[in-house]
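Read through the structure below, which is laid out as structure tokens, and then see the notes.
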Amino acid sequence: MLPWKISAQAENPVLSDNPSGYLLLDKGLQYRITKSINSMYNFDFPTAERDFAVIMYQYPEHPLPDFLMALGYWWRIEVDVTNTRFDNIFIQYLDRANEKAQRMFDRDPKNKEAAFFLAAGYGFQGRLYSERKSWTKAAWAGRNALKYMELSRGETEFNPELLLGDALFNYFSVWIPENYPLLRPVMALFPKGNKQLGLQQLETVATNAFYTRVEAQYFLFRLYASEEKRPYEALQISEYLHSKFPNNPYFHRSYARHLYTVGRWTESVKQSTEILERIDQRQYGYESNSGRYAAFYVAEYYNRIGQKSEAKKYYLKTVAYGEESESQESGYYLHALIQLGKMETEAKNKVQAKKYFDQVKKYAKRKHPAHKEARDFIKRNKL
């Protein structure tokens, strides 16, 4: 089964007995909570959080509702990871979930549900700390996540949910030392992973899990697109996620991006234009970071078909959104400046052209291809 084609059981859980007694495996609760989780991923946070509050009232000592509240804030962060305004409340909900799970674990060290939530809670903390480049905190959280992940193994019913942590560990414990040599001493503290196994496990979770299914799909399309060079499979997953959660700006811009990557430019322009309209309408979650992506794809399309004035308009939007989101070192921002510089050179506006290329040199690192292209263009055209 393809990873984006979800089993009927995962998509629509049915009521059944729960002999384990674990809330996480309660099919009745899964049935009731499906709409709430879908609302969360669709960026309807008020609806989701009202339902999570009911679960919190029903199960005040259980970590599940606090963990789901944290997950909602994680997706607010994920839209623009440079924005730190949700960090504190995200960590607070995770801390509450961890404290409740720890109390469960202290009462019963064989409680695999408690171990599962501790593994997940520390895992998400590690994700945030790595985004913030707090490597020591990220490593500490990662080691705790691994410890509890080991303790939560052995419950076959947990397998689809539990595999997410296992999959990410297997993949990234190999990927991180390959791509960040400075972190090799830190990663030497962890067991050795297996990238191919990690990918297979992600596909299993993306197909069969309930709570962790969308998270697995998110990682899967990112890895297919960037690391595994499987752009059409990345497109299929992002298309599925956008169709299921049409108001999630991250899935929306990912769909536009993958359409652009595989050469389906007119479809990418359609999605990108919709993103820009939603930003203008101030739809929740649609902001400058998504605008930078969308404006760039539209600009590139017009540039390819020779409509230079429209291309210029959208390159300028790309730059404006890049500055608003403080993303001046991003590739789209730098490439937009280069294209604007070339356009001004063709229009004999050498002074303005030089300003654009100087901006590239200011924000791009010297080894970046954009920096070299700007230097070479300035020299070649005597700007």
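- Although no hydrogens or angles enter the test, the distance criterion places a donor-acceptor pair under 3.5 Å between the side chain of Ser130 and the main chain of Arg127.
- Side chain of Trp265 to main chain of Tyr301: no donor-acceptor pair is present (N/O by atom type, distance under 3.5 Å, no hydrogens or angles).
- Annotation: cation-pi geometry not satisfied between Arg257 and Tyr297 (NZ/CZ under 6.0 angstrom from ring centroid, within 45° of ring axis).
- At distances below 3.5 Å, at least one donor-acceptor pair connects side-chain atoms of Lys350 with backbone N or O atoms of Asn381.
- To the nearest 0.5 Å, the span separating OG on Ser238 from CG on Leu220 amounts to 11.5 Å.
- Salt-bridge annotation for Lys342 and Glu373: present, with a side-chain N of the basic residue lying under 4.0 Å from a carboxylate O of the acidic one.
- Counting heavy atoms from C-beta outward, Ile77 and Asn83 have side chains that stay 4.5 Å or more apart.
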Between Tyr363 and Leu334, is a side chain to side chain contact (heavy atoms under 4.5 Å, CB included) present by the stated rule, with each step listed? CA-CA 8 Å; Tyr363 291 114; Leu334 297 171; 4.1 Å; yes
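- Counting all heavy atoms, side chain and backbone alike, Phe105 lies closest to Asn111 at CD1-O, 4.1 Å.
- Residues Met56 and Val54 fall into different hydrophobic clusters, defined by Ile, Leu, Val, Met, Phe, Trp and Tyr side chains chained together at heavy-atom separations under 4.5 Å.
- Tyr356 places none of its side-chain heavy atoms less than 4.5 Å from the side chain of Gln339.
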Under the criterion side chain to side chain contact (heavy atoms under 4.5 Å, CB included), I'd like the reasoning laid out for Gln92 against Arg96: C-alpha separation, chi angles, the key distance, then a yes or no. CA-CA 6 Å; Gln92 284 170 18; Arg96 278 177 41 155; 5.8 Å; no
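- Leu118 and Asn98 make their closest contact through CD2-O, 3.5 Å (heavy atoms, listed as atom of the first residue, atom of the second, distance).
- Between the Asn208 side chain and the Thr204 main chain, a donor and an acceptor come within less than 3.5 Å of each other.
- Minimum interatomic distance between Leu94 and Gly121 (heavy atoms only, all atoms of both residues): CD1-O, 3.7 Å.
- Taking the ring axis of Tyr73 as reference, the NZ or CZ atom of Arg76 stays within 45° of it and closer than 6.0 Å to the ring centre.
- Checked by atom type and distance alone, the side chain of Asn42 never pairs as donor or acceptor with a backbone atom of Asp44 at under 3.5 Å.
- Ring-plane geometry between Phe245 and Tyr41 is classed as tilted, the angle between the planes lying from 30 to 60 degrees on a 0 to 90 degree scale.
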Worked check of side chain to side chain contact (heavy atoms under 4.5 Å, CB included) between Gln271 and His242: CA-CA 10 Å; Gln271 296 300 327; His242 175 58; 3.5 Å; yes
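- Between Arg132 and Lys137, every side-chain heavy-atom pair lies at or beyond the 4.5 Å cut-off.
- Shown here for Ala138 and Gly126, the closest heavy-atom pair between the two residues is CB-O, 3.9 Å.
- Trp75 and Phe219 fall within a single hydrophobic cluster, where Ile, Leu, Val, Met, Phe, Trp and Tyr are joined by side-chain heavy atoms under 4.5 Å apart, directly or via other members.
- A distance of 11.0 Å separates OG in Ser254 from CD1 in Ile237, rounded to the nearest 0.5 Å.
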Show the numbers, then the answer: is there a side-chain hydrogen bond (donor to acceptor under 3.5 Å, both in side chains) between Asn144 and Gln125? CA-CA 10 Å; Asn144 276 325; Gln125 284 186 357; over 6 Å; no
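- Between the side chain of Glu113 and the main chain of Leu23, a donor-acceptor pair closer than 3.5 Å is present.
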Under the criterion side chain to side chain contact (heavy atoms under 4.5 Å, CB included), I'd like the reasoning laid out for Leu71 against Phe124: C-alpha separation, chi angles, the key distance, then a yes or no. CA-CA 9 Å; Leu71 192 57; Phe124 268 95; 3.5 Å; yes
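- The hydrophobic cluster containing Met40 also contains Ile33, counting ILVMFWY residues as joined when their side-chain heavy atoms lie under 4.5 angstrom apart, directly or transitively.
- Under 4.0 Å is where a charged nitrogen must lie from a carboxylate oxygen, and between Arg222 and Glu78 at least one such pair does.
- With ring centers used as reference points, His252 lies under 6.0 Å from Tyr286.
- Taking all atoms of both residues into account, the shortest heavy-atom contact from Tyr22 to Lys110 is OH-O, 3.9 Å.
- Asn289 places a side-chain N or O within donor-acceptor distance of the main-chain N or O of Val79, the cut-off being under 3.5 Å.
- Figure legend: cation-pi geometry between Arg253 and Tyr293, with NZ or CZ positioned under 6.0 Å from the six-membered ring centre and within 45° of its axis.
- Atom CG in Leu235 sits 8.5 Å away from atom CD in Glu267 (nearest 0.5 Å).
- Between Tyr284 and Phe43, the two ring planes are tilted [angle within 30° to 60°].
- The backbone N or O of Pro60 sits less than 3.5 Å from a side-chain atom of Lys100, completing a donor-acceptor pair.
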Would Glu203 and Arg230 count as a salt bridge (charged side-chain N to carboxylate O under 4.0 Å, His left out) here? Give the steps. CA-CA 14 Å; Glu203 290 168 352; Arg230 293 157 67 175; 3.8 Å; yes
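- Centroid-to-centroid, the aromatic rings of Trp140 and Tyr129 stay 6.0 Å apart or farther.
- With salt bridges taken as basic N to acidic carboxylate O contacts below 4.0 Å, one links Lys354 and Asp358.
- Put simply, the side chain of Asn349 never gets that close to the backbone of Gln352: no donor and acceptor are under 3.5 Å apart.
- Glu300 and Tyr315 share a donor-acceptor pair across their side chains, judged by distance under 3.5 Å alone.
- Side-chain contact between Lys270 and Thr266: absent, with no pair of heavy atoms (C-beta onward) separated by less than 4.5 Å.
- Taking the six-membered ring where the residue is Trp, Phe67 and Phe117 present perpendicular rings, their angle passing 60° and hence far from 30°.
- Separation of the Tyr321 and Tyr332 ring centroids does not fall under the 6.0 Å cut-off.
- Atom CG in Leu337 sits 13.5 Å away from atom NZ in Lys361 (nearest 0.5 Å).
- In this structure the side chain of Leu383 never reaches within 4.5 angstrom of the side chain of Val351, judged on heavy atoms.
- Formation of a donor-acceptor pair under 3.5 Å by the Ser39 side chain with backbone atoms of Ala48 is not found in this model.
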Where do Asp106 and Gln102 land on the side-chain hydrogen bond (donor to acceptor under 3.5 Å, both in side chains) test, with the steps shown first? CA-CA 6 Å; Asp106 289 343; Gln102 188 65 57; 3.0 Å; yes
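- When all heavy atoms are compared, the tightest approach of Gln30 to Leu24 is NE2-O, 3.1 Å.
- For the atom pair CZ (Phe221) and OH (Tyr218), the distance works out to 7.0 Å, reported to the nearest 0.5 Å.
- Leu259 and Tyr232 fall within a single hydrophobic cluster, where Ile, Leu, Val, Met, Phe, Trp and Tyr side chains are chained together by heavy-atom contacts under 4.5 Å.
- Within the 4.5 Å cutoff, no side-chain heavy atoms of Val360 are placed close to those of His368.
- No path of Ile, Leu, Val, Met, Phe, Trp and Tyr side chains, each step under 4.5 Å between heavy atoms, connects Val262 with Tyr260, placing them in separate hydrophobic clusters.
- For Tyr211, the ring-ring contact (aromatic ring centres under 6.0 Å, His included) criterion is met by no residue, not counting sequence neighbours.
- Two residues are said to be in side-chain contact when any heavy atoms from C-beta on lie closer than 4.5 Å; Leu241 and Tyr255 fail this criterion.
- The shortest side-chain heavy-atom distance between Lys312 and Gln307 does not fall under the 4.5 Å cut-off.
- Side-chain contact annotation: Tyr224 with Gln236, donor-acceptor N/O pair under 3.5 Å absent.
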